[in-house]
Each structure stands twice: as C-alpha cells, then as structure tokens.
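Single-structure report; data block below.
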Amino acid sequence: MDANGGKTPGTLVFAVNGERFELSNPDPSTTLLEFLRTHTRFKSVKLGCGEGGCGACVVLVSKYDPVLDRVDDFTASSCLTLLCSIHGRSITTSEGFGNSREGFHSIHERIAGFHATQCGFCTPGMCVSIFGALVNAEKTGRPDPSSGFSKMTVGEAEKAISGNLCRCTGYRSIADACKSFAADIDMEDLGFNSFWRKGESRDIKLSRLPKYDFNHKNKIFPMFLKKEIKPDVFLASEKQSWHSPTSLEELQSLLEINQVAETQIKLVAGNTGMGYYKDIEGYDMFIDLRGISELSKIKEDVTGVEIGAAVTISKAIEALKPEGRCEPLSDFEMILVKFADHMSKIASGFIRNTGSVGGNLVMAQKNNFPSDIASVLLACDSMVHIMTGTHFEWLSLEEFLERPPLGLKSVLLSVKIPSLESSNNASPEHKSKLFFETFRAAPRPLGNALPYLNAAFLAEISPCKDSGGTTINSCRLSFGAYGTKHAIRAKRVEELLLGRLLKVGILYEAVNLLTAIVVPEDGTSRAAYRSSLAAGFLFEFFNPFIDSSDEMLNGYLNRYNCSSFVKASEMKDNHLQVHHDITPSLSSGKQVLQFSGEYSPVGKPIMKSGAAFQASGEAVFVDDIPSPTNCLHGAYIYSTKPLARVKSIKLKPELQSDKIRAIISIKDILEGGENVGSKTIFATEPLFADEITRCVGERLAFVVADTQKLADMAANTAVVDYDFENLESPILSVEEAVERSSLFEVPSFLYPQQVGELSKGMAEADHKILSAEIKLGSQYYFYLETQTALAIPDEDNCMVVYSSSQCPEFAHSTIARCLGVPEHNVRVITRRVGGGFGGKAIKSIPVATTCALAAKKLNHPVRMYLNRKTDMMMAGGRHPMKITYSVGFKSDGKITALELEILINAGIYADISPVMPHNIVSALKKYDWGALSFDIKVCKTNHPSRSAMRAPGEVQGSFIAEAVIEHVASSLSMDADSVRSINLHTYKSLCSFYEGSSGELVDYTLPTIWNKLAVSATYCQRAEIVKQFNRVNIWKKRGISRVPIVHVVSHRPTPGKVSVLWDGSVVVEVGGIELGQGLWTKVKQMAAFALSSIQCENIEDLLDKVRVVQSDTLSMIQGGFTSGSTTSESSCEAVRICCNILVERLRPLKDNLLKQMGSIKWETLILQAHLQAVNLSATSYFVPAITSMNYLNYGAAVSEVEINLLTGETTVLQTDIIYDCGQSLNPAVDLGQIEGAFVQGLGFFMLEEYETNLDGSVLAEGTWTYKIPTIDTIPKQFNVELLNSGHHQDRVLSSKASGEPPLLLAASVHCAARAAIKEARKQLLSWRNLDTSDSTFHLEVPATMPVVKELCGLDIVETYLKWKMGRN
C-alpha cells in the first residue's frame, strides 16, 4: 500500500528573516536549529541545551491564517522544532529584526545601554523573547502608550524572559532593559544605564532612550508565503517521510498503512516532548497532527469546554483566561481561569507556544511524565476522546491514565472539562459554592521546572446552619508528579471528608490518611518531602474553612483571588500582620556608583565593547565559524564506570556506515606524540583512557562522522564492554581516600601557614564545640556555550585550532605534545568565550587537543560541540569537601581558637586541586580566630577531576567561617550578627592573618563597609521588623543576615601589544581572554587613556579608534590563564606600558611638529610617524612586583529571605551589597560582575544540586534536572553600591578586582534562610511542648526546598493540628 496515497513529494517552503528557502528532500528528523546553524548565515540562534530549557535557540515563528487574514506570532525553541513543521511559516531571529548593517533594533540598543550582556551567548535568545512579547502586546486592544513605550506591561516584560537562562549577568540588568519598553513602568525604577544620569527629568530620560518602533516594520510576513502555501504538504527524504493530514480519515489511513508496513511512526504536534524523551532511534514516518481541525479547535458550550489534543498550551491558556474577562466569575469560569493560571507555570513561554495539551497528556499516559495538566484535569472530572482505527470512544481521564499505554493505532483527539456548578439547593444565605484550587511546588516559581508534587482540589462547600461551621458536600482531590506512574485521586480521603463538618480533628485525620496514600515509588528522590507536600496542600486548601463564621465564610467563598492559604488562615490565626515592602515586579534594584574622571576614559561606565552586536547575534563564537570544506564532526564515547578494564568499543550495526569516518582512541596517538589531554604546573591528564578507565566521564574514544548529529548518535549508542576482574573497588568518598592513602601532594610553597598557638587559644576559651561536621557539594559551571573547538590542518605540518578557552597558551603546548610537533607548528585562536567561570580553563584543553589529533590523523578539518549531557558528565565542577572543626570561644562570642580538618574531593587527576588549601584558608581567615590550625588533605577519588570554578576554594572557605560563627552564636543563644561583629579583624589582627597582602591601614575598608551597610540597608530596623513578622505569622518565617568577605587576589605576569596604524586607528592584543567580564572594554579605555597623554587635538575621540583583537598564541605568547579576577587589571597594565612606550617614541616628533604647525591632530602625528619610520608597535610583559602582587578585596551583604513552611520555598526579598572596587576601571562592568557573581553564588548555596550516584555518575544531565537561578529566583530588591576606596600606587590605577569575590556574599542568603528556619523550628518545638532554646542544626548546601522543609518539620501540619486539638 502506498504510504503517501499516490501523492508526489512536495517542497518545503518557508522564510528566514524574509529570505525564501525551498527544500525538496528535507530530512524530517532535522530540527530548525540544526538547519539554521548549518545551512544559513544566521547564527544568532545558539545550541545551549537541546532540551528547550535555556532559551538560547529561541526564534519568532509567524503563521498566516487565511480565514481570519491575520498573522499569529509566537516564540519557539528551535532546538525542538522540526524543520518540516515550519512549512509556510516565517522565522525571525535576532539579527533579522536588527543588525549592524541595517541598524540595530531598540531591543539591542537597550540591552547594550542597560549593560545587560556579558558573554553574550544567551543574549540573542533573550532579545527574541522580548521581541515576541512586544509584537504580541501591540495586537492587544489596550490604549496606545506614550511615545517610546509599548503596550506591554511590566509583568509581561519580566515574564517574557522567565524561561531564558543567563549565567553571567544576574538578570537584574536584563529585566530593566525589558521593563524599559513597558507602558506602566516608573522610570525611577529602572536601574543604572548609559542613557541618562541619576536625577534627570523623565522627559530627558525618554528622549535618550533608543526609539521603539511599534509598527515593527522589520517584521513583515512575506507575501510569497501567503500566496502559494498548501497545508497538506507531503515531504520525503531517502528513508523518511513527513505527512500533514487534514482530516481524521487521512490520519486513519496513514495509521493503517503504518500497521501493515510495520514502520516506526512519530505523531507530531509541537515535538517538545523530545526535550525530555530524547529520540535515540530514528522514525520512518512523521505525521503532523496540527492540520486536522478536530484536534486543533477549542469548543465551549453549556456542557463544558473541549480542547483539541493539538491545541498548544498557550492557546488553551488564552482561551480559558481571555483578557478583559470581567468579575464576578461563575464557579466554572473560576475553575477555567485557575486552570489557565496553573498551565502558565508549565515549562516556559516558548515551550507552551508549541507544546500541545494532548501531547502532555499522552506523555503522562504512555511514559509516566510528571504532568501538571493531568493532575488539574483529573480534579475537574475531565473526559478524553480517543480514536482507535475507526472506533471512537469517550473515557474519563482517570480511566485513560490507568489503561495500558496507547497503541500505535490510537490517537487522543481532545479533552473535555465538563461544566461544573454547585447544586445551590439551599437558601441564599446558606448556599453552597464550588471551591477550586491548584498547587505546585517546584524549584522555580514561574515554571521552567518540573514539580516535586502538584495537586488540584475541587470541593463543594456550604455553611452549616446549625453549627456555624462548614460542610463539605463533595470533593475531588488529585495529586501527581510525586514519583508515581500517573496522577491519582485520593478517594479514601474524599470519602472521609464527604458530608463532614470541617473540624481540626477531621482535617488531622484526613492529612494522616493522605500521607499514607501519596507515597512515591521506590527510588524517588526526596520521597518523604513529596508526601509532606501533599499534607501541606490539603491543609492549605481546607484550613481556612475550619470554624468559620457564616459571614466570614461567605466573604471568603465569594472572593476569587483568595488562592493563598496564608492569606486566609493567617487572617484568623494572626491578629497582626507585618508586611514587607515587596516590589510587585520580579526584581528591582538601586545602584550607587561613583565615577572618577581623573584617568578618563578609564573610570567611566562606558558601554561594554560589542554589546549591541552580541545582542543581535552577530558576535562570532567558535561554533559560529563556518565549517571548512570537508569538515568532520566528533563526539566522545566516555566511561560509565568509575573503575574498569575496557575490553572493546563497538558501534551499533545500523550506524556502521561510510558516514562514520573513524573512532579515535589511545591507539591513534601518532608516533612521537603523547597521550596528554591537559596540563597544569602540577601534573598532566591523559587524553584517552588506556586499558583501564578510572572514572565515570573519562574519555575512551572519539567518534568522527560527517555531521555532529550522527557523531552524537553513534557515541550515545556505542556499546562498551567492561571487565572488573582483578581490579580493586573504586574510591568514591574522601573518607575512603584517606583510609587508602589516595592523596595528591600539595607543594610546600602552596600550603598555607597556621596562625597563632592552638593550645593556648583553646585554653583561653570559656566554651568549646568539638568535632562538628559540614559537608559541601559540587556545582556545575553551566556556561551556556558548552566545550567546543575546531581544528584545521594547515600547510607544512601545521595545525590551526579555534578553541573556546580561558588558557589558549596551555592548549597550544598540550596540542603540540600530543601531536609530537614543535610548538611553532600549532596556532590556537580564541576570540571570545560563551561563559567560562573556570570551566573553560583546563577542561577546554582536551577538547581542542582531541580535534587536533583527529584532524591530523584524518587530514580533514574536525570540530566538536559537546552536547549538554556529555559536558555535565565530564566537567567535574566545584570541589566537594568534608569539614570537621573544633572551636573555642568566650561567653561574649569572641572566638579564641579554631581547628579544622578538611578533606577535599579532587577527583582522579590533580588539575588545579593542589591550590585549594591555600584558597580555602585565605577566605576562611576573614575573621580573627585567635589561633587557626588546620589539616587539609586533597583526596584522589574515582570521580571526574574537579577544576577551578569561580572563587575556587574561597567560596567554601568563606562559608565554613560563617557556619562556625552561626554555630557559636547558637550555642550562646546570641544573635549571629553580634558574633560576627565581635570577631571582625582589627588592622593588627588582619596583618597577622594576611601577612604580606594586608596593605596599609587606610586600605582596610571592611569596618567602614560593615557600618555603612548597616545604615544604608537599615539593618537594625529590618531585623526588628523580621522579629515582629515571625511572632505573628505561623506559616511563613523571615530571616535576615549580614555577612562580610575578605578575598585575596593576585596579579600574574601578562603580555600586551599595541600598534597604531596609518590612519591613527589602534589595534590591541592582550593575553587575557574576553569571557564576558568586560576585559576588552577596560583594555580599550586604558589604551585611550594612556595614549591621550601625548596631548594632541581631538584626542578625546581616541576610544572609538581602539580595537582589541582575538587571542592568537603565535602572535601573543605567554598569555597564561584568564582567571583569578585580575586578568583585566593585568592586561590593562600591560597595555599601559605599551602605550607609554609609544608616547615616548612619538613625543620628540610631536614637539618638532608643534613648533612647525602650532597644533597637531592625532591622525597627522601618526601619519608623520609612519613617514619618518617611527616604530608604532610596542609589546610589553607586565610582571607584578612581589610587594604588590597580592591584595585584599572587601565587601559585605545583607540579605533578607522568607520561607514557606509548607513547601520549603525560599524567597529572597532583598539583598544589599557594598563592595570595594578601589577606583573602578569601569563601574558599569564591575556592577555587572558583582551582580552576576552574587547570583551564581546564590545558585550554589540555594538551588544547584550536582550530585553523583553510588557509581560516581552525575545525576543531573541537563536543564530538566539542574536548576541555575532564573529571573524569578533572584532577590526581589537587589541593591548594590560600589565603594571607591581611594588611591593606591601599587594597584593598576588604584583599581580592584570584581569577578569572583562578590560570589562569596551569597552566603548571606543561606545564613538568612538559616535564621528563618531557626524561628520555624522554635515554633515547631513549642507545639510539641519541648525546649525551644536548642537552636543547633546544620543547613545543607544547597538549601533546596526539600532541605528547608525537612528542617522546618516534614510533619509540621500534623504537629500543628495536633497542637490545635489539644488547645480546643
């Protein structure tokens, strides 16, 4: 039977940025992202995760509706969107609505002007998300806004980017750029930018904002798509076909053909499920369901609402919650609106725009997907319509979920929510009412995260005439996503509550019964926590109705927006409410920056170099470089065992084709070459495992294929045969490493010195804490650009390698050693890096080396872009560690001695791990411990080698110090802030602890910062308000904490080169790499400043004449590492030296010309210098003096948080930071570094779990399981002040580092959360009639929702109800 019904394959026609594309034989499995990146010049769409979880690949899709004669526009994740699904549609990317050639869009200009881009890899996706929101806002019927603004609201602006991830900026600046378009924005709320100065009038601000064109003339739907597109396209490639049926009959025919031919079939609506369930094997036939009207409509009548299975989640939300719907709502309308509200928290906007309601339900039914939609619909008594062959049937959703998985002939057609209204047979004053609520506990409030548990409750409730209480006439209670096959109804609880008068005892009984029903299956993480959430949600729903008066109940029932349990229950339980002044938007902030004109343009907050073309997507990253002719692609086969003998590696037979070019392994190391993958001053790491693999994630082989997709598929499905005979067990803990003496040596010059005499300090103590333990986990870099390289064989046995690396010099020498060639035969080029944080230092070297080896072996260009899972498996990340400490202290909180034993998990190879003891102790010494003693061991384990990650060791050391302070404060029942204050260094003790780097007395600014912050953040007043809040609020508690940091940084030798060309333009090379930290920007400023000392006319325009060019290891040697926060300073100093040399060369000529001409322009001077053979190129190598190599950075932060005792959710209400930047080289850049570092630290302390299983495999494999901060998890109010601390001749123009130290300040959030938990635990103990004075407990890092909830009491609801029953 002919699968295409006799049709001739058509062509796929679509547009990208107005350009026509017509493809005759497209591969149906190709994604839009893959096509855009490999077959077009549009590279702004980036591959960040391949799961729809990061937003780097977002595009705007425009679809013409000929019936309504309108264009629908929506954002979509191009990494999940199949190319064939965009037939007849127009795609717009960031460079499509603005670019450097035709003019930037105001989005790009505002992103740049609000300093909202750093590495720039995520920025184009952000811009498209904003653009999509603007386009759709203009279609609303809202009033026209004033000039310069759009119809978009502040809330819509922030939510537009809620699904986009950024690892650099901290989001606040991006949010401000978005909000600048909002019609309802108060411009005073917009943060620091390059458009206006503080205090200027609103009119001036408006006049300087880049103009916004609400007509979007640069986004016109192509006329050719309107004229010639047919919906029922049939496409075919060599082995696969794409079908777009327009009727159920056509679909039935295709399914029947499929059954006869036994082909692999995939039904497609939005294809977003591929982000969760990866397509391991291929399909023969793809069937697009969106053209079938029965599946694509929403029908509403008196019986209810029927939603077609192919309707997108966004369209369902739009239909169920239409804009402008007036209150009061009927019961059924209220249910629909709340269902829509809940769906708006599923995934992110660009996933909801293409993901279908039916697809979500089918995944729940077939694959046990933790669906929110299934749980909510189950509570609504929903039905589903199924087609099996020619048979149609309606089933209850409950029956559908419990059936065996749908067969290949069965299709879900629609789901129907029946019209639900209360019975209302009672008298008006006692009439019943439906009450509906949905619940969701997830790591991110706005979605883009799977829930730990979701629930939906529907109850008919009426006032009881006799008792004055509340009766439950009926209820439906559904729960899902908690580690079970599908959503369930708690029927036994429903039966218990049916017809009962709501009392504390009944609710207590229901909660206890529920926790025995909602039990996750074995192996589910945080099982007890998930069960406790169910109890909390049930309590939150029913508690407001207990003992309610008629008047109160009727008022409550008639209020639509009383969804929060806290509002209702605390209305009764609390007589006083204390409200924090929370900004209604997701995040706002104030910035206090001081500018210095002394070294202009150094010190000015100029815009980041290249910011606008980063936003438009024109900035070229390694994977954006067009593939050379005959370029091949590679992917790693890595070990899945921590210690094993590798017997063989085989590809699956179906993948053994001529398109797989080679499998490179240790056997392919060339004669004269070495099996070396990376090197540090401590050791080397092999490129490939030898016969034995020693950790999960170790490189076993490298598959080289014609495409990256094929290489990845081959590597992912490769079969590795392992053998464990005669091998000892792997070492997977630091304790075992110590027991088996598996340790790395720490050079004596790196091991820190003890301070004081421990025995004497302990003898002076009034109290002691002995052998307390802390465990700290790891953290993954989550740079948006994964590891990548491109190697191109060159003439004369040379190799050119483009690498995304923080240390090209080390990659250069490693490649030469591996290939067995002189170093002058290798050239490594790095233009920019899409996020590094230390992960693109040592860990980038093997990637570059592997590509070079394969290119040499095969004599082809070879490139690789690691998929996110492989990157996460290999990365290693931050060092986990175990800390045991004993501390002695006085009764007033003054600590006299601290003794530590620290075991660091370094993984299998040394990497940079031997520096960790030094870094840990340097940050730990921020307090005066009296005496400090430690024993630090760097443990060698069978985990991937850990590497440097932003503030490596310092963040752990600083946190250990805070943990000790908190423990001492708890032991003494003192306020932790008082204990911190009493243990801050005097200048004398600072010199003792930081010998050689303490500086002069005037440099010690921490006491000033500490006191200044107390005033600017109103710390004392807020601490009292927090106490008052906690006294009167039962289910939410707040905490506030102030934390200092002292951070040692070191300058390193750095090269520089400055050349002046004939026209006076200046080209600069430095050893430092632009990672997004603004290095190029600061270097440009320094070059302009230093050259301006020649004092020509028009010299003030020199900044625009300076260009910093990419790193080239043959042009600029000894580049070293870009790390440690000081590379920008060191590079600036190297450039200043070069410029001073040039000025000295030019000065005699200038003086002579002045005598002749009276005045001279820069261009004239340079032209004459060229004509007179003046050397206009200067190189330098800045080597810092021993006396000024190290210096201290100071800062402090106050953070206030609120925790929800029912879910464990922590909301950061406000953070205030004061940070000493010295004389900032660029305050705008430093502000971005401070905010970004803090938010990355927030992730470490509160959100990010980078754990391994018992075999050493990383449990988090991508965006589904690893959650970095998003715009909805950063501080609601985020205030930063840069302290300009004066001049210092030994620093680069008196500047100080800003890249890493502020990350340590995020511990203030963790400490504030601990303070809030302490109050919750006191309350819990009081309910149990136990002593509340014992407040000692350990709060894990990260303090995730389950961790917080467990400390607040998993049985907190039961305990409260039991306590209430005891009081009655």
Side-chain angles (χ1 to χ4, degrees), residues 51 53 273 275-278 345-347 360-361 363-376 378 398 401-402 405 438-444 447-456 477-493 511-538 777 869 872 1204 1206-1209 1247-1267 1340 1342-1358:
E51 300 176 325
Y276 193 75
Y277 300 106
K278 310 295 189 293
K345 296 182 177 67
I346 296 171
N360 186 285
L361 289 175
M363 286 198 304
Q365 202 267 350
K366 293 181 70 171
N367 307 107
N368 305 327
F369 179 73
S371 166
D372 282 89
I373 293 176
S375 299
V376 178
L378 189 59
E398 189 171 8
L401 293 173
E402 290 174 353
T438 70
F439 301 87
R440 191 175 200 272
R444 292 171 177 159
N448 202 17
L450 290 177
Y452 293 107
L453 179 126
N454 55 39
L477 313 173
S478 70
F479 299 87
Y482 62 87
T484 187
K485 289 182 178 179
H486 55 75
I488 60 132
R489 280 177 59 195
K491 293 185 178 179
R492 285 161 56 201
V493 180
V511 165
N512 280 315
L513 179 58
L514 180 63
T515 52
I517 294 170
V518 179
V519 179
E521 294 180 351
D522 291 344
T524 303
S525 64
R526 307 289 189 181
Y529 167 68
R530 294 171 193 259
S531 295
S532 76
L533 285 173
F537 290 159
L538 190 74
K869 178 180 177 180
M872 294 191 76
N1204 183 322
L1206 293 178
T1207 63
E1209 181 181 8
L1247 293 168
E1248 298 174 38
E1249 297 178 285
Y1250 193 42
E1251 299 173 338
T1252 57
N1253 63 16
L1254 296 177
D1255 287 332
S1257 291
V1258 174
L1259 295 173
E1261 298 180 347
T1263 55
W1264 286 96
T1265 47
Y1266 193 82
K1267 298 300 178 186
E1340 293 177 23
T1344 58
M1345 291 172 67
V1347 168
V1348 171
K1349 177 64 190 292
E1350 284 167 20
L1351 287 171
C1352 294
L1354 292 176
D1355 62 346
I1356 189 171
V1357 168
E1358 296 93 318

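Values in this document were obtained by computation on a predicted structure and should not be read as measured data.
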- line: CD1 of Ile517 to OG1 of Thr484, rounded to nearest 0.5 Å, is 12.0 Å
Point-to-point distance, once rounded to the nearest 0.5 Å, from NZ of Lys1349 to CG of Asn1204: 8.5 Å
field: Asp522 atom CG, over 12 foreign heavy atoms within 6.0 Å
entry: no
query: Are the side chain of Asn1253 and the backbone N or O of Asp1255 linked by a donor-acceptor pair below 3.5 Å?
result: yes
field: Exam field: side chain Tyr276 to backbone Met363, donor-acceptor pair closer than 3.5 Å
entry: no
message: Looking at Ser375 and Ser478, would you say the former's side chain and the latter's main chain have a donor-acceptor pair under 3.5 Å?
response: no
Pairwise distance CD(Gln365) to NE2(His486) - rounded to 0.5 angstrom: 8.5 Å
message: Checking side-chain polar atoms at under 3.5 Å, does Glu1248 have a donor or acceptor matched by the opposite partner on Tyr1266?
response: yes
message: Using a 6.0 Å cut-off, check whether atom NZ of Lys485 has over 12 heavy atoms from anything other than its own residue.
response: no
- request: Without swapping roles, check the side chain of Trp1264 against the backbone of Gly275 for a donor-acceptor pair under 3.5 Å.
  value: yes
statement: dist Thr1344:OG1 -> Leu1247:CG (nearest 0.5 Å) comes out at 8.5 Å
- prompt: OG1 of Thr1263 to CG of Asn448: how many Å apart, nearest 0.5 Å?
  reply: 7.0 Å
field: Aromatic plane relationship, Phe439 with Phe537 - under 30° parallel, 30 to 60° tilted, over 60° perpendicular
entry: parallel
Backbone of Pro451 reached by a side-chain donor or acceptor of Tyr482 within 3.5 Å: no
- request: Nearest 0.5 Å please: distance from the CG atom of Leu538 over to the CG atom of Leu533.
  value: 12.5 Å
message: Can you give me the closest heavy-atom contact between Ala490 and Leu514, atom names plus distance?
response: CB-CD1, 3.8 Å
- prompt: Are the side chain of Arg530 and the backbone of Ser525 linked by a donor-acceptor contact shorter than 3.5 Å?
  reply: yes
Main-chain N/O of Ser531 paired with Thr515 side-chain donor or acceptor, under 3.5 Å: no
message: Taking Glu1261 first and then Lys278, would you say they form a salt bridge - that is, a charged N and a carboxylate O separated by under 4.0 Å?
response: no
